[in-house]
Amino acid sequence: MAVLVTGGAGYIGSHMVLALLDAGQDEVVVIDDLSTGFAWALPPEVTLVQGDMGDQALVAETIRRHKVDAIAHFAAKIVVPDSVTDPLGYYLNNTVKSRALIETAVREGVRHVIFSSTAAVYGEPAVVPVPEDLPTNPINPYGRSKLMTEWMLADAARAHGLATVVLRYFNVAGADPRGRSGQSTPNATHLIKVATQAALGTRSHMEVFGTDYPTPDGSCLRDYIQVSDLADAHLVALNHLRGGGESLTLNCGYGQGYSVLEVIQVVKEVSGRDFEVRLSPRRPGDPSRIVAEAERIRGLGWTPRHDDLRAIVSQALAWEGSLATRNQR
Ligand SMILES: NC(=O)c1ccc[n+]([C@@H]2O[C@H](COP(=O)([O-])OP(=O)(O)OC[C@H]3O[C@@H](n4cnc5c(N)ncnc54)[C@H](O)[C@@H]3O)[C@@H](O)[C@H]2O)c1
Ligand SMILES: O=c1ccn([C@@H]2O[C@H](COP(=O)(O)OP(=O)(O)O[C@H]3O[C@H](CO)[C@@H](O)[C@H](O)[C@H]3O)[C@@H](O)[C@H]2O)c(=O)[nH]1
């Protein structure tokens with residue numbers, strides 16, 4: 001049986017594809033509109049269907065042709081500040097099209113769905129580290145667009161017998177340790193990506209958005225999870241579902257928070273490069289601190305192998321360097 005990966009040509013989805021192949025999954029098929037993904041991010045043995053995951057005829061035909069028994073749903077728009085300026089675009093792509101995808105999965109008899117949700121569903125949490133059963137309270141349209149999809153999946157699971165694993169990722173970073181994939185979007189806004197670009201000189205400087213938060217050094221705290229460890233979490237989820245397991249919601253993080261200023265310092269140390277850092281006002285939609293309580297997924301057998309911020313930064317730097325070489329070719 002094949003696994004359908006929506007958004008598989010993107011940053012995290014491409015690592016999921018590699019993890020599936022490394023684990024011996026015979027057939028992997030990707031649907032991606034290549035809006036932020038890259039066909040070259042996929043190994044040649046993977047089928048890429050270029051198109052929209054909300055296109056029900058295309059998705060149904062792909063499910064039938066490849067005998068898909070599980071969908072890993074990554075496709076989304078993902079930039080928190082963009083969701084503040086373009087909320088309806090985010091609700092269309094992340095919520096409305098996810099509804100179409102879920103309906104197609106139900107109609108075509110796909111039993112297992114793994115969904116890429118986010119720590120952004122918690123908003124500004126009252127408790128840190130955050131357990132999964134803390135009431136959700138997203139503070140930006142991106143988080144709300146994802147939470148609505150969680151609700152649709154839960155309701156569809158109850159009504160139509162789907163089994164789902166909702167993975168709430170904290171901040172994803174790093175690259176495949178073997179150098180096969182990484183974060184490639186040229187105008188990415190993520191902290192570690194931006195800092196590695198500043199270190200390598202593809203940006204003249206970077207900004208710290210807010211130094212007046214109620215945190216030890218005034219900058220925001222985040223829990224950075226390495227992307228291959230996150231892909232492994234999906235394999236754990238897939239085995240759980242294929243083994244007949246019940247629907248679950250699981251945080252994916254390490255349980256350790258780093259401030260923006262600490263991350264920038266690590267990038268400077270690991271790269272051996274200094275770069276200009278400007279202290280700027282807060283960015284709309286940012287919670288001050290968000291760190292995972294991740295015991296639930298560890299209880300399912302997930303054992304992270306790359307829980308080391310210096311190693312994560314080192315992988316991100318290596319990938320950024322290889323992108324520069326690719327672009328010069
Ligand atoms: N990067 C993070 O830190 C982070 C944290 C929490 C959750 N997530 C979630 O993880 C998932 C993957 O994020 P990413 O960082 O790999 O982003 P990405 O932009 O690299 O990947 C998203 C992929 O989905 C594709 N896509 C978008 N809309 C589509 C559509 N309608 N039809 C088909 N393909 C479409 C894009 O072309 C891209 O390849 C997203 O659902 C995101 O919300 C990411
Ligand atoms: O140039 C930059 C970029 C980011 N930041 C700060 O760094 C922190 C992390 O920001 P970023 O890397 O953009 O990630 P988040 O906004 O925390 O969102 C990520 O992490 C969320 C889960 O916590 C996911 O839901 C989102 O998809 C993903 O983009 C925030 O405080 C930002 O204000 C800066 O100060 N300067």
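Numbering of ligands and ligand atoms starts at 1, following listing order.
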K.L.:
Run the side chain to side chain contact (heavy atoms under 4.5 Å, CB included) check on I297 and L167 step by step: do they pass?
P.N.:
CA-CA 9 Å; I297 187 155; L167 296 177; 4.3 Å; yes
K.L.:
May I ask you to check whether Y224 has an N/O atom sitting below 3.5 Å from an N/O atom of ligand 2?
P.N.:
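So ligand 2 has no N or O lying under 3.5 Å from an N or O of Y224.
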K.L.:
Distance under 4.0 Å to a non-hydrogen atom of G10: what atoms of ligand 1 satisfy this?
P.N.:
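In order of numbering, the contacting atoms are 20 (O), 21 (O), 38 (C), 39 (O).
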K.L.:
Could you tell me whether I78 and ligand 1 have an N or O pair separated by under 3.5 Å?
P.N.:
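No - when backbone and side-chain N and O of I78 are compared with those of ligand 1, no distance drops under 3.5 Å.
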K.L.:
Within 45 degrees of the ring normal and closer than 6.0 Å to the centroid, is that where the cationic atom of K268 sits relative to F275?
P.N.:
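K268 over F275 ring: yes.
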K.L.:
Just which atoms of ligand 1 are under 4.0 Å from any heavy atom in F170?
P.N.:
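Counting atoms of ligand 1 from 1, those under 4.0 Å from F170 are 5 (C), 6 (C).
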K.L.:
For the 3.5 Å polar cut-off, considering only N or O atoms, please tell me whether D52 and ligand 1 meet it.
P.N.:
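Among all N and O atoms of D52, at least one is under 3.5 Å from an N or O of ligand 1.
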K.L.:
With heavy atoms of A9 as the reference, note each atom of ligand 1 found under 4.0 Å away.
P.N.:
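Near A9, meaning under 4.0 Å from one of its heavy atoms, ligand 1 has 39 (O).
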K.L.:
Is a side-chain N or O of T62 found less than 3.5 angstrom from the main chain of L58, in a donor-acceptor match?
P.N.:
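Side chain of T62 to backbone of L58, a donor-acceptor pair under 3.5 Å: yes, one is there.
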K.L.:
Is it the case that the side chains of Y122 and N251 hold a donor-acceptor pair, with the cut-off being a distance below 3.5 Å and no angle test?
P.N.:
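Yes - a donor-acceptor pair under 3.5 Å links their side chains.
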K.L.:
Quick test: of every protein heavy atom, which one is nearest to atom 38 (C) of ligand 1, and how far off is it to 0.1 Å?
P.N.:
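Checking every protein heavy atom, the shortest distance to atom 38 (C) of ligand 1 gives T36 OG1, 3.1 Å.
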K.L.:
With heavy atoms under 4.0 Å as the rule, classify the contact between Y169 and ligand 2 as side chain, backbone, both or neither.
P.N.:
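It is the backbone that gets close, since no side chain atom is under 4.0 Å.
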K.L.:
Are any of the N/O atoms in N171 less than 3.5 Å from those in ligand 1?
P.N.:
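N/O-N/O distance under 3.5 Å: no.
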K.L.:
Specify the protein heavy atom at minimum distance from atom 28 (C) of ligand 2: its residue, its atom name, and the distance to 0.1 Å.
P.N.:
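Nearest neighbour among protein heavy atoms for atom 28 (C) of ligand 2, to 0.1 Å: H190 NE2, 3.5 Å.
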K.L.:
Show me which atoms of ligand 1 lie under 4.0 Å from any heavy atom of K146.
P.N.:
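Taking each heavy atom of K146 in turn, ligand 1 has 40 (C), 41 (O), 42 (C), 43 (O) under 4.0 Å.
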K.L.:
Just to confirm my output: which protein heavy-atom neighbour is closest to atom 20 (O) of ligand 1, and how far is it?
P.N.:
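For this ligand atom, the closest protein heavy atom is Y11 N, 2.8 Å.
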K.L.:
Taking N or O atoms only and a 3.5 Å limit, does S35 qualify as a polar contact for ligand 1?
P.N.:
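Yes; the residue has a nitrogen or oxygen that sits under 3.5 Å from a nitrogen or oxygen of the ligand.
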K.L.:
Below 3.5 angstrom, do we get any N/O pair linking N93 and ligand 1?
P.N.:
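It does: an N or O of N93 is found under 3.5 Å from an N or O of ligand 1.
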K.L.:
Between V260 and ligand 2, which residue portion shows a heavy-atom distance shorter than 4.0 Å: side chain, backbone, both, or neither?
P.N.:
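It is the side chain that gets close, since no backbone atom is under 4.0 Å.
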K.L.:
Answer yes or no: does an N/O atom from F74 fall short of 3.5 Å to an N/O atom of ligand 1?
P.N.:
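Right, the criterion is met.
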K.L.:
With a 4.5 Å cut-off on side-chain heavy atoms, are L300 and H240 touching?
P.N.:
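Yes, at least one pair of side-chain atoms sits under 4.5 Å.
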K.L.:
To check you understand the geometry: which heavy-atom pair defines the closest contact between P214 and S288, and what is its length?
P.N.:
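Here P214 and S288 meet closest at CD-CB, 4.1 Å.
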K.L.:
Any N or O of T185 that comes nearer than 3.5 Å to an N or O of ligand 1?
P.N.:
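Checking ligand 1 against T185, no N or O pair falls under 3.5 Å apart.
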K.L.:
Within the structure, does L191 bring an N/O atom to less than 3.5 angstrom of an N/O atom in ligand 2?
P.N.:
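Indeed, backbone or side chain, L191 has an N or O that close.
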K.L.:
Could you list the atoms of ligand 1 found under 4.0 angstrom from a heavy atom of G37?
P.N.:
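Every atom of ligand 1 under 4.0 Å from some heavy atom of G37: 36 (C), 37 (O), 38 (C), 39 (O).
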K.L.:
To the nearest 0.1 Å, how far is atom 33 (O) of ligand 2 from its closest protein heavy atom, and which atom is that?
P.N.:
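Looking at atom 33 (O) of ligand 2, the protein heavy atom closest to it is D286 OD2, 2.6 Å.
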K.L.:
Closest non-hydrogen protein atom to atom 44 (C) of ligand 1, residue and atom name please, with distance?
P.N.:
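Residue, atom and distance for the closest contact: I12 CD1, 3.6 Å.
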K.L.:
When you look at K97 and D33, which way does the salt bridge (charged side-chain N to carboxylate O under 4.0 Å, His left out) test go after all the steps?
P.N.:
CA-CA 13 Å; K97 290 184 180 180; D33 66 3; 5.8 Å; no
K.L.:
Look at atom 20 (O) of ligand 2 and find which of I78, T118, N171, T215 reaches it with the closest heavy atom.
P.N.:
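Considering heavy atoms of I78, T118, N171, T215, the nearest to atom 20 (O) of ligand 2 sits in N171.
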K.L.:
Classify the contact between E207 and ligand 2 as side chain, backbone, both or neither, using a heavy-atom distance cut-off of under 4.0 Å.
P.N.:
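E207 to ligand 2: backbone contact only, side chain stays beyond 4.0 Å.
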K.L.:
Please could you name the atoms of ligand 1 that L34 approaches to less than 4.0 Å, counting only its heavy atoms?
P.N.:
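Listed by number with element, the hits are 37 (O).
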K.L.:
Side chain to side chain contact (heavy atoms under 4.5 Å, CB included) for S204 and E276? Distances and angles first, verdict last.
P.N.:
CA-CA 7 Å; S204 58; E276 187 188 343; over 6 Å; no
K.L.:
Check whether any N or O atom of A75, backbone or side chain, sits under 3.5 Å from an N or O atom of ligand 1, and answer yes or no.
P.N.:
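Between A75 and ligand 1, no N or O pair is found under 3.5 Å apart.
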K.L.:
Looking at H234 versus Y169, is the centre-to-centre ring distance below 6.0 Å?
P.N.:
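Ring centroids of H234 and Y169 are less than 6.0 Å from each other.
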K.L.:
Of the protein's non-hydrogen atoms, which lies at the shortest distance from atom 31 (O) of ligand 2, and what is that distance?
P.N.:
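Of the protein heavy atoms, C220 CB, 3.1 Å lies nearest.
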K.L.:
When only distance counts, is K97 in polar contact with ligand 1, meaning an N/O pair under 3.5 Å?
P.N.:
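Looking only at distances, the answer is no, because the N/O contact criterion of under 3.5 Å is not met.
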K.L.:
Only heavy atoms of G51, strictly under 4.0 Å: list the atoms of ligand 1 that pass.
P.N.:
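In order of number, 32 (N), 33 (C).
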K.L.:
Among V49, V80, D32, D33, whose heavy atom sits nearest atom 29 (C) of ligand 1?
P.N.:
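Nearest option to atom 29 (C) of ligand 1, by heavy atoms: D33.
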K.L.:
Could you tell me the residue and atom name of the protein heavy atom closest to atom 2 (C) of ligand 2, and the distance to it rounded to 0.1 Å?
P.N.:
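It is F209 CE1, 3.5 Å.
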K.L.:
When you look at R305 and D232, which way does the side chain to side chain contact (heavy atoms under 4.5 Å, CB included) test go after all the steps?
P.N.:
CA-CA 10 Å; R305 293 174 291 156; D232 286 349; 2.6 Å; yes
K.L.:
Identify, by atom number and element, the atoms of ligand 1 in contact range of S117, meaning under 4.0 Å from any of its heavy atoms.
P.N.:
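Under 4.0 Å from S117, ligand 1 has these atoms: 6 (C), 7 (C).
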K.L.:
Is the shortest distance from a Lys or Arg side-chain nitrogen in E207 or R283 to a carboxylate oxygen in the other one below 4.0 Å?
P.N.:
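Between R283 and E207 there is no salt bridge, as every charged N stays at least 4.0 Å from the carboxylate O atoms.
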K.L.:
Do you know the tightest heavy-atom contact between P177 and S228?
P.N.:
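Nearest pair, atom of P177 first, then S228: CD-OG, 3.3 Å.
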K.L.:
One residue to check: R283. Relative to ligand 2, which of side chain, backbone, both or neither has a non-hydrogen atom less than 4.0 Å away?
P.N.:
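Looking at R283 and ligand 2, just side chain atoms fall under 4.0 Å.
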K.L.:
If you measure every N/O of Y169 against every N/O of ligand 1, is any gap under 3.5 Å?
P.N.:
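No: no nitrogen or oxygen of Y169 is under 3.5 Å from one in ligand 1.
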K.L.:
Evaluate the criterion side chain to side chain contact (heavy atoms under 4.5 Å, CB included) for residue pair L230 and F170; output intermediate values, then yes/no.
P.N.:
CA-CA 10 Å; L230 179 60; F170 284 61; over 6 Å; no
K.L.:
Just by distance, no angles: are the side chains of T6 and H73 close enough, under 3.5 Å, to form a donor-acceptor pair?
P.N.:
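Yes, side-chain donor-acceptor contact under 3.5 Å.
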